[in-house]
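Note that the structure is predicted; figures quoted are calculated from it, not measured. We count ligands from 1, going down the list as the structure has it; atoms in each ligand are counted the same way.
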Amino acid sequence: MSIPSRRHLPLLAGVVALAVWPLVFSSAYDLRVFTLAGIYAILVIGYQFIFGHAGALALTQGAFFGLGAYITGLLGAKLGWSALATLPLSIMGPMLLAVIIAAPVLRLETHYFALATLGIAQILLLVAIRWESVTGGANGLPGIPALTFLDVAVPGGLPMVLFVWSVVALAGLFAWQAMRGLYGRAFHVMRSNELLAASIGIDSARLRAVAFLLSAGFAGVAGALYAHTIRVVSPEVLEFHVMVACLSMAVIGGRTGVAGAILGAVVLVHLPEWFRGLQDYYLIAYGVALLAMIIVAPEGLAGLLGQAAGTTPSRRAGRIAGAVAPATGESRFRAEAKAAAPLLSVQAIGKRFGGIQALRDVSFDVRSGEIVGLIGPNGSGKTTLINIATGLYAADAGRILFDGRSLTGMRPAAIARLGIARTFQAVHLVEEMLAVDNVAVAVAARRPLRLGRALTRPLRDRAMQSARAEALAIMDRLGIVEAAWHRAGGLPHGTKRQLEIARALALSPQLVFLDEPAAGLNASEQRQLAGQLKSLAEGGLTLLVVEHNMPFLMSIADRMVCLDEGKRIAEGTPSEIRANPAVLGAYFGAASVTPGSRQ
Ligand code: ADP
Ligand code: MG
């Protein structure tokens, strides 16, 4: 990648504009506004972790900001501490608060999460107003010393602008480095589809917690700098308008990109200046602008500019495809003979949804290297069984053993990491992500995803390259490598289904559940898929295949299990199943031998 490519033009232009701005608009007032814009940029870069990357509508960012400001204010004004001591404490204070509230709050569904985090902000505001002896109550705390850092005084004006914007640069670098590789893509998978994330072993709860902590820490930095800039802290810093401003900046600038955060902050901080003529109508104009952005440019200003500059994800197909490595995943596809001990043992599973008994006392085994077909009419409980085995649902009765170990109570991501992969009846892909990265994320998720590792990667991201190379090798084996550098959402249906299988294989699983893999495939695609599944099983992989397409399934299955109304009514070889009267009665029914109906 050549460095000053077209992709970087908007960035370069932005940097130049930002550098020139304070020199041109150099009145004390302008400089202060510009300092505030930088402070808000830090706040928003932090907020993007939880709101953008993790996709959770947290309303605590203003509270974290206020807390950071109060910590610096109190320790600076009352005890005369310098920024060297107060800045770290202003970071740690909000992070500690985030830790305390993370456990109960992060589990909540989005809207409850928003409400709960809003409540926390209100409590802090009350404390700041009521605890007069310490916080100065509604009047606030005056007399915060100017910033001194490493014994160098940073008075207001241009020095403060430079200091704050240096911190913006550092914060931006941190966020960019954390999120540009597979770690950021794991966040992308999580926010677009949590089920899917869990199915490839991504621990969403952990990612969200990390994002929440980072948000808090960045907000603390912003709050501290704010206190040093304004030199007074009052309950105003905890009021809701800080949160509203931060949220608006993230929406208007863009939810995930550093450039968007900076753009949003600069534009919104200056907006009141630019639209001063509107006076009372300002708020209405503001609301209209916000709505317009949400509708017209859901990816914010940064997204719009990116489109204008022709920024598309890089398509460096040839280079990496040339370096395709053999899939190391192969090693865990155990090639040993079909062992006697079952790999998967389903034991007396029962599951009820309200009035529907979806599964009733279902038992069967799957041995290593086997292809077992699971059939039954629509609604007979096939998908439910997969959902229980992969930890999405808890069974009411019975248990499932994998390699002799009970899966009961395990979370989906942990089950995936044991080596149990799945595909979904309705295709689940991250549509706007490159096909190859849909698979590469699953390769990466085999190891626990760590922020520290993401931050310490070299510029040339070898982890990403090797994950992509492995993804390409898997895709190549399934005959879909040409699709690698296209967005997943634009691929034909058959390729999408194959891509799901590729992603499942990227986990290096021992067992894969395939939920109607042939659905929607044409005859030649079905033949191809059947061949591929057979060769995977010959390589030692174990498959449980749910399918309505009998010719397809019977051509690959070693054994079949038939469910009807949640009960196991038959088990045997394909020819036994074909001749079984119970199966014929329940499943093949009156009219058709290959029922094509799907849910
Ligand atoms: P199959 O995959 O064999 O077509 P499912 O396992 O999807 O069947 O469904 C079995 C039964 O359980 C159906 O009656 C379905 O409506 C019901 N069911 C499945 N999942 C849920 C759920 N999450 N909530 C309520 N009912 C469900
Ligand atoms: Mg189903």
For Lys351, run the side chain to side chain contact (heavy atoms under 4.5 Å, CB included) check against Ile356, Val362, Leu359 and tell me which one passes.
Leu359

Check this for me - ligand 1, Ala358, N or O atoms closer than 3.5 angstrom, yes or no?
no

Thr383 backbone or side-chain N/O/S under 2.8 Å from the Mg ion (ligand 2)
yes

Thr384 backbone or side-chain N/O/S under 2.8 Å from the Mg ion (ligand 2)
no

I need the Leu118 CG to Phe113 CZ distance, nearest 0.5 Å.
11.5 Å

Sub-6.0 Å ring centroid separation between Phe218 and Phe64
no

Of Gly379, Pro377, Gly376, the one whose closest heavy atom lies nearest atom 4 (O) of ligand 1 is Gly379

Report the part of Ile356 (side chain from C-beta onward, or backbone N, CA, C, O) that has a heavy atom under 4.0 Å from ligand 1; answer both or neither where that applies.
side chain

If the cut-off is 4.0 Å to any non-hydrogen atom of [X], which atoms of ligand 1 fall inside it?
X: Thr384; result: 5 (P), 6 (O), 9 (O), 10 (C), 19 (C)
X: Tyr393; result: 20 (N), 22 (C), 23 (N)
X: Asn378; result: 4 (O)

Scan residues 190-201 for pairs that pass salt bridge (charged side-chain N to carboxylate O under 4.0 Å, His left out), counting only residues two or more places apart or in two chains.
Glu194-Arg208

Ignoring hydrogens and angles, write down the donor-acceptor pairs under 3.5 Å from the side chains of residues 434-441, residues two or more places apart or on other chains.
{"from": "Asp437", "atom 1": "OD1", "to": "Arg468", "atom 2": "NE", "distance (Å)": "2.8"}
{"from": "Asp437", "atom 1": "OD1", "to": "Arg468", "atom 2": "NH2", "distance (Å)": "3.3"}
{"from": "Asp437", "atom 1": "OD2", "to": "Arg185", "atom 2": "NE", "distance (Å)": "2.8"}
{"from": "Asp437", "atom 1": "OD2", "to": "Arg468", "atom 2": "NH2", "distance (Å)": "2.9"}
{"from": "Asn438", "atom 1": "OD1", "to": "Val430", "atom 2": "N", "distance (Å)": "2.9"}
{"from": "Asn438", "atom 1": "ND2", "to": "Val430", "atom 2": "O", "distance (Å)": "3.1"}
{"from": "Asn438", "atom 1": "ND2", "to": "Met433", "atom 2": "O", "distance (Å)": "3.4"}
{"from": "Asn438", "atom 1": "ND2", "to": "Leu434", "atom 2": "O", "distance (Å)": "3.2"}

Quick one, Ile400 and Gln347 - any side-chain contact, counting heavy atoms below 4.5 Å?
no

